[in-house]
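Written out below as structure tokens is the structure these notes cover.
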2 protein chains.
Amino acid sequence: MSAVTLKMLAKHLSLSVATVSKALADSHEIRQSTKTLVIEGARELGYVGNPYASSLRKRASKTIAVVLPEVADSFFSEAINGIESVALQEGYHVLIYLTHEHLAREQAIMEEFKSGRVDGVLVSVSEETGSGEHIRRVLDSGTPVVFFDRVCDGPGTACVITDDFESSYRAVVHLAASGCRQPTFLATPTNLSISMNRLKGFEKALADLGLPRHKDEVLIFGKNEAENMDLLRAALSQPRPPDGMLVCVEKHVTYVYQLCAELRICIPDALKVIAFTNLKTAQFMSPPLTTVSQPAFEIGKTAAAALFRALKRASKTIDEEVIVIKSALVKRESTGSSPVSPG
Amino acid sequence: MSAVTLKMLAKHLSLSVATVSKALADSHEIRQSTKTLVIEGARELGYVGNPYASSLRKRASKTIAVVLPEVADSFFSEAINGIESVALQEGYHVLIYLTHEHLAREQAIMEEFKSGRVDGVLVSVSEETGSGEHIRRVLDSGTPVVFFDRVCDGPGTACVITDDFESSYRAVVHLAASGCRQPTFLATPTNLSISMNRLKGFEKALADLGLPRHKDEVLIFGKNEAENMDLLRAALSQPRPPDGMLVCVEKHVTYVYQLCAELRICIPDALKVIAFTNLKTAQFMSPPLTTVSQPAFEIGKTAAAALFRALKRASKTIDEEVIVIKSALVKRESTGSSPVSPG
DNA sequence: CGGCGTTTCGAAAACGGTTTCGTAAATAAA
DNA sequence: TTTATTTACGAAACCGTTTTCGAAACGCCG
């Protein structure tokens with residue numbers, strides 16, 4: 001705690017606190033000569049303003065919150081980078097909250113935001129989140145919220161997403177072109193927007209391509225690792241197992257590679273795999289993983305920019321808009337493309 | 001901003017603000033019946049206390065800061081998980097700051113902390129950081145700081161690290177046992193504690209094993225990707241290139257795999273590779289990567305616990321202690337172990 | 001020189017809680 | 001019954017800023 005306050009600085013300079021405060025804020029009411037005097041005195045005494053006194057009075061915290069399911073994920077960590085880059089530039093601080101995919105936790109976090117602790121919120125909802133009523137309440141309390149990647153239908157606000165439907169569609173087309181007749185969609189619970197849209201793209205592609213519907217066409221993974229493994233193992237151990245797999249979220253990739261090793265299923269010969277992921281090591285995997293690479297940094301940056309646009313308005317209101325940033329399908333050997341020169 | 005304040009709640013209950021405040025704080029001065037009355041009223045009106053008013057008066061922010069070089073790294077993201085787990089449990093908020101390996105940024109961040117914005121700081125210093133004078137100043141201002149992973153010699157405080165020297169030593173022993181005669185150490189600038197200790201372990205092992213010293217025994221990577229590539233390419237393109245590589249930080253792994261693909265250098269036949277990393281995909285890489293796996297979550301958790309021990313003291317002082325949590329050498333094919341059953 | 005508009009600054013009231021201290025009532029001790 | 005002590009609450013000061021508003025001081029013009 002910086003022991004030196006405005007009052008002390010004022011006394012040291014034989015000025016009033018009002019004058020010093022205004023001088024430090026570069027107010028037009030103060031003449032240049034005293035401003036420089038104050039600046040100098042502040043530097044000399046090592047004055048650092050108390051942010052809480054300031055926030056209390058100004059009703060603004062210079063802080064935003066980022067709430068997301070987890071941080072140990074290449075998409076989210078890159079998105080944080082994007083967010084941080086603009087927060088830094090705007091002179092804002094960023095609080096981070098992890099929901100670990102639990103709705104209850106997400107609700108508790110949002111409840112806190114009604115206090116005005118943060119000026120704005122960036123959120124990627126948990127896989128349990130449905131209605132978004134808790135987020136609506138935050139918006140109602142006057143703090144702008146923008147969704148990124150995983151959005152929520154209820155609250156009308158800005159969201160920055162990728163072209164989930166189209167990416168998924170393209171992925172299935174690529175799987176089919178690589179010889180798949182029976183691809184499986186591996187997803188989180190489908191109340192999640194991204195799962196829903198990716199699933200729709202998957203199904204539309206299936207229909208358009210005239211691929212036959214089959215059992216285990218869609219596998220839903222929950223939070224229990226063992227159960228997920230069992231589910232996937234069962235699907236892959238069938239008489240007519242799937243010959244392609246579209247993995248909806250990064251952390252499920254390891255299940256697939258793990259089980260294929262265990263069950264001696266050769267990728268891509270017996271099973272072709274595509275995953276939504278930003279893993280830098282995808283190209284060095286065995287075999288190199290075909291990915292739907294999302295512009296994670298860009299999404300974070302764009303979402304943050306949208307938030308700050310709202311914060312700069314007097315009304316703090318945010319446009320109800322959907323910003324779509326395209327993902328790229330990066331073809332590698334896990335779908336049977338050229339066996340040499342990965343990358 | 002929650003429109004309902006303590007004063008309004010007090011008026012609604014026909015009580016004084018003092019009583020309501022104390023009731024919500026579960027003070028012994030207030031009888032149970034009025035406490036429940038207040039709780040009920042607060043719930044009814046949706047009262048959420050203003051954290052800034054509270055922080056200002058109590059001189060405590062219920063907030064800690066985590067400052068680290070980057071977040072897109074499996075070690076740091078897992079460490080954040082560990083930190084968040086205990087912050088949540090303690091009811092604290094966590095601010096995140098990224099230095100992107102820049103000392104100037106780190107100094108600016110630390111300067112801010114003199115304001116009392118946070119009650120404590122967890123820091124993993126940038127690769128440019130030397131003296132730690134800026135961190136000393138934060139400690140002097142009364143906010144406890146604990147280092148994790150990347151420490152700094154100057155300031156006397158707690159730090160939580162892994163057994164860098166020993167891990168490095170064991171890694172070299174393993175490289176030698178796998179047939180390496182000329183291993184190279186790939187590092188960040190060595191003013192970094194981890195680089196220094198890992199380098200010392202590397203060199204001690206070289207000496208103990210009687211391995212000959214050679215040119216390009218140590219390669220220092222900076223921030224420029226192209227330069228790093230050139231440096232490594234030059235080393236690997238020599239007449240007598242290194243036959244082993246100990247990679248000090250995760251993000252450098254891709255350079256090695258990339259260049260080996262480009263230069264048609266076979267891992268592990270021509271070059272054996274070990275890296276300090278927590279990548280979940282290490283076992284699925286081509287070839288599966290031998291790693292020194294750090295207990296990242298545990299390190300984060302332990303560092304946070306140490307910080308909270310200090311925060312619970314009246315003095316806020318922190319023991320000058322070094323907590324070492326051991327890493328594990330996980331042998332895989334990149335150092336030539338059994339070519340089947342990776343994992 | 002008086003009136004008027006600008007500068008430039010200070011006193012004081014916020015901001016929304018917490019905490020100290022005083023006090024009245026209730027209870028215990030004598 | 002009187003006195004000491006506890007219990008339960010409220011008035012007001014306080015945390016460290018920002019901001020409103022008033023008031024000197026100054027320059028300008030007629």
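Quick note on labels: first sequence line is chain A, next is B, and so on, each numbered from 1. What you see is a predicted model, and the numbers here were worked out from it, not measured in a lab.
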Would you say B:R31 places a side-chain N or O within less than 4.0 Å of OP1 or OP2 belonging to D:dC9? yes
How many whole angstroms separate atom NZ of B:K11 from atom C1' of D:dG10? 15 Å
Tell me if the side-chain of B:K22 makes a donor-acceptor pair with the base of C:dG17, cut-off 3.5 Å, by modelled atom types. no
Heavy-atom nearest pair, B:S141 first then B:K114, reads OG-CA, 4.0 Å
CD1 of A:I30 versus C1' of D:dT18: gap in Å, rounded? 13 Å
Does some side-chain heavy atom of A:T302 sit less than 4.5 Å from a side-chain heavy atom of A:I325? yes
Measure from the side chain of B:N50, starting at C-beta and using heavy atoms only, and say which of D:dG10, C:dG16, D:dT20 lies closest. C:dG16
Separation of C:dT20 C1' from B:R57 CZ (nearest whole Å): 8 Å
In whole Å, I'd like the distance from the NE2 atom of A:H28 to the C1' atom of C:dC9. 13 Å
Is atom NZ of A:K7 surrounded by more than 12 heavy atoms (other residues, nucleotides or ligands) closer than 6.0 Å? no
Closest nucleotide of DNA chain C for B:S54 versus for A:T34: which of these residues is on the 5' side? A:T34
Heavy-atom nearest nucleotide on DNA chain D for B:S16 versus B:L56: which residue maps closer to 5'? B:S16
Which of these nucleotides, C:dT19, C:dC9, D:dC9, is closest to any side-chain atom of B:S21? C:dT19
Would you check if B:N50 and A:L56 make a side-chain contact, meaning some heavy-atom pair closer than 4.5 Å? yes
Can you tell me how far P of C:dG16 sits from NZ of A:K58, to the nearest Å? 16 Å
Report the residue (B:A53 or B:T19) whose heavy-atom-nearest nucleotide on DNA chain C is the more 5′ of the two. B:A53
Looking only at side-chain atoms of B:Y47, point me to the closest of D:dA12, C:dG17, C:dA11. C:dG17
Rounded distance in Å - CD (A:E29) to P (C:dT8): 10 Å
Give the rounded distance in Å between these two atoms: CG of A:L37 and P of C:dT8. 14 Å
Nearest 0.5 Å please: distance from the NZ atom of B:K62 over to the CD atom of B:E90. 7.5 Å
Over how many whole Å does the gap from A:Y52 atom OH to D:dC14 atom C1' extend? 19 Å
